[in-house]
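Just below is one structure, and these are the notes that go with it.
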Amino acid sequence: MGGFRTGEGTEQGMVVLVTGGCGYIGSKLIRDMAVHPKFSGTTIRVIDNMMRERYVTLMDLPTKSDFEFLEGDIRKDEDMRNAFRDVDMVVDLAGITNAPISFERKELTFDVNVNGGRKVIEYAVKSDVEKFVYSSTASVYGPTKGIVDETYHCKPVSPYGESKLQAEVFCLEISKQSGLDVTVLRLGTVHGYSIGMRFDTVVDRFAYLACAGMPLTVWESARMEKRPYLHVADATDALIFALGRSDIKAQTYNVIGENASMNRIIDVIKKEVPNVQVTVTPSPSLNQLSYELDGSKIERLGFRPRKSLEDGVREIVEKFHALLGSRARHARRILPRTVLAELSES
Ligand SMILES: NC(=O)c1ccc[n+]([C@@H]2O[C@H](COP(=O)([O-])OP(=O)(O)OC[C@H]3O[C@@H](n4cnc5c(N)ncnc54)[C@H](O)[C@@H]3O)[C@@H](O)[C@H]2O)c1
């Protein structure tokens, strides 16, 4: 395990540990926390095993805050011991995050998300942590009938969803047994720009494909199915919101911006990239499913998502603006490929 420190640390300040802080959500969260008045004088410690090699997420961090980085694995005791030195609060984001691929790497998914997740919360108990926020997913639900809330009986369909549900259950049990202040957030599929972004979920992937001049391929049967989505800025706002609340112990909250169908996502992309080609394939979909979530429980506490699907798509299209030139598009012409296997919830 290696480490570095940047910025002007305040030794007496609070330490917030962000596991998986070099990921899509984590890389934005640590930047947002660094400039947030609530975290002034706070040390933001990141532990990440860099499995996705997103070293770029550690570049150009705001100098205003004190950062510590540990390249380490949440499954290893030695790394956890180092990570948990003097920690006051934890945002637990580390994990194996691709739902469709979790069928192929079931063992790794459970090992990291369940065994690793368990280790993180056990160290939090041992270290007398003040607040623990676990980042779960809308994928724990499985297919739903109508719009459902947090009381709905979850039946996840992917190993990813199942592993996140097991970790959630464990977090809440530990919270009840030990008194640790745990809050679970079930985030919708995230979209929008962050420096550590992934392109294996539907909105970002489709926005990229549209910019690169490649067709969007959708199953006919999936066009009307709805899923919950959330802008990355709303995801980080929700995590910060939960960190600051001491009155929501052992509670679970859906955090969603919008339940949207594939047709709606395509319409939003068409507004930004009007000449995008959409290919509808009649093949039945095996693992697509519809689920719509009610996000009002967290909204009743005063949390409101601020961003739309339009915002997320616009950000990605702006970042890829150079690909939109016709020369670039012709140079990149490749055989259309079905990307459905990779497009799912996370
Ligand atoms: N992005 C989404 O759409 C979404 C939606 C709902 C919930 N979530 C949850 O939010 C969290 C963060 O998601 P993300 O999109 O930022 O994912 P991500 O894959 O971008 O980030 C996860 C990070 O965890 C790190 N990691 C993986 N295994 C590790 C290990 N053993 N030890 C230490 N670090 C490890 C990875 O290197 C990566 O940087 C995850 O728990 C995910 O389940 C994400």
Side-chain angles (χ1 to χ4, degrees), residues 1 17-30 45-58 69-80 82-83 90-102 105 108-120 123 133-141 156 158-168 171 184-205 227-236 238-239 242 253-257 293 312 342-346:
M1 179 150 86
L17 175 66
V18 181
T19 73
C22 297
Y24 182 14
I25 299 171
S27 59
K28 176 152 176 60
L29 176 69
I30 60 174
R45 183 177 299 154
V46 171
I47 178 163
D48 199 297
N49 69 350
M50 289 310 201
M51 65 173 287
R52 290 186 179 243
E53 299 205 5
R54 280 178 290 201
Y55 299 98
V56 68
T57 60
L58 296 172
F69 171 64
L70 309 169
E71 183 172 329
D73 195 307
I74 56 164
R75 292 166 297 175
K76 291 190 183 150
D77 282 299
E78 192 195 342
D79 294 350
M80 283 291 92
N82 287 329
V90 179
V91 183
D92 187 15
L93 299 170
I96 303 297
T97 52
N98 185 308
I101 292 179
S102 71
R105 49 182 192 192
L108 178 71
T109 301
F110 279 95
D111 192 34
V112 175
N113 295 358
V114 181
N115 299 337
R118 185 178 297 230
K119 213 172 260 299
V120 175
Y123 271 87
V133 181
Y134 179 66
S135 158
S136 188
T137 166
S139 301
V140 295
Y141 283 97
S158 65
Y160 168 70
E162 178 57 39
S163 70
K164 296 293 287 185
L165 184 60
Q166 285 184 20
E168 255 192 27
C171 283
V184 173
L185 300 185
R186 290 177 175 162
L187 310 177
T189 297
V190 173
H191 61 90
Y193 176 75
S194 105
I195 193 167
M197 66 185 301
R198 326 164 18 197
F199 284 95
D200 53 9
T201 53
V202 67
V203 179
D204 296 338
R205 182 80 181 174
R227 303 265 182 101
Y229 294 96
L230 180 70
H231 192 282
V232 65
D234 289 324
T236 58
L239 293 164
Y253 297 91
N254 294 333
V255 190
I256 62 149
L293 301 188
E342 297 161 79
L343 297 177
S344 185
E345 75 275 20
S346 181

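Values below: all heavy atoms of this structure, side chains included; hydrogens, waters and symmetry mates excluded. Counting starts at 1 for both ligands and their atoms, in listed order.
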With the side chain counted from C-beta on, respond yes when [X] and [Y] share a heavy-atom pair under 4.5 Å apart, and no when they do not.
X: Arg54; Y: Arg198; result: yes
X: Lys28; Y: Tyr193; result: no
X: Leu239; Y: Val18; result: no
X: Val255; Y: Asp234; result: no

Give the single entry among [options] that approaches [atom] most closely by any heavy atom.
atom: atom 10 (O) of ligand 1; options: Gly117, Ser135, Ala235, Gly188; value: Ser135
atom: atom 27 (C) of ligand 1; options: Gly21, Gly95, Ala167, Ala94; value: Gly95
atom: atom 15 (O) of ligand 1; options: Arg198, Met80, Lys28; value: Arg198

Ligand 1 N/O within reach of [X] N/O, cut-off under 3.5 Å:
X: Asn49; answer: yes
X: Arg52; answer: yes
X: Ile96; answer: no
X: Val190; answer: yes
X: Arg54; answer: yes
X: Ile47; answer: no

At a 4.0 Å threshold, what atoms of ligand 1 neighbour a non-hydrogen atom of [X]?
X: Met51; value: 27 (C), 28 (N), 36 (C), 37 (O)
X: Gly72; value: 32 (N), 33 (C)
X: Arg75; value: 31 (N)

- Message: Just checking Lys76: does its NZ atom have more than 12 heavy atoms from other residues, nucleotides or ligands closer to it than 6.0 angstrom?
- Response: no
What part of [X], side chain, backbone, both or neither, has a heavy atom within less than 4.0 angstrom of ligand 1?
X: Ser136; value: backbone
X: Thr97; value: side chain
X: Val112; value: side chain
X: Lys164; value: side chain

- Item | Minimum heavy-atom distance Leu29-Leu93, with the two atoms named | CD2-CD1, 4.1 Å
- Item | Straight-line distance of Ser158 OG to Ile101 CD1, nearest 0.5 Å | 12.0 Å
- Straight-line distance of Asp92 CG to Asn113 CG, nearest 0.5 Å: 9.5 Å
- Could a heavy atom of Cys22 be found less than 4.0 Å from some atom of ligand 1? yes
- Step-by-step side chain to side chain donor-acceptor pair (under 3.5 Å) determination, Thr57 to Arg52: CA-CA 11 Å; Thr57 60; Arg52 290 186 179 243; over 6 Å; no
- Contacts of Asp204 meeting side-chain hydrogen bond (donor to acceptor under 3.5 Å, both in side chains) (sequence neighbours excluded), chain-then-number -> Tyr24
- Message: Test of understanding: with side-chain hydrogen bond (donor to acceptor under 3.5 Å, both in side chains), list the residues that count as partners of Thr109, not counting sequence neighbours.
- Response: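 By the side-chain hydrogen bond (donor to acceptor under 3.5 Å, both in side chains) rule, Thr109 matches no residue at all.
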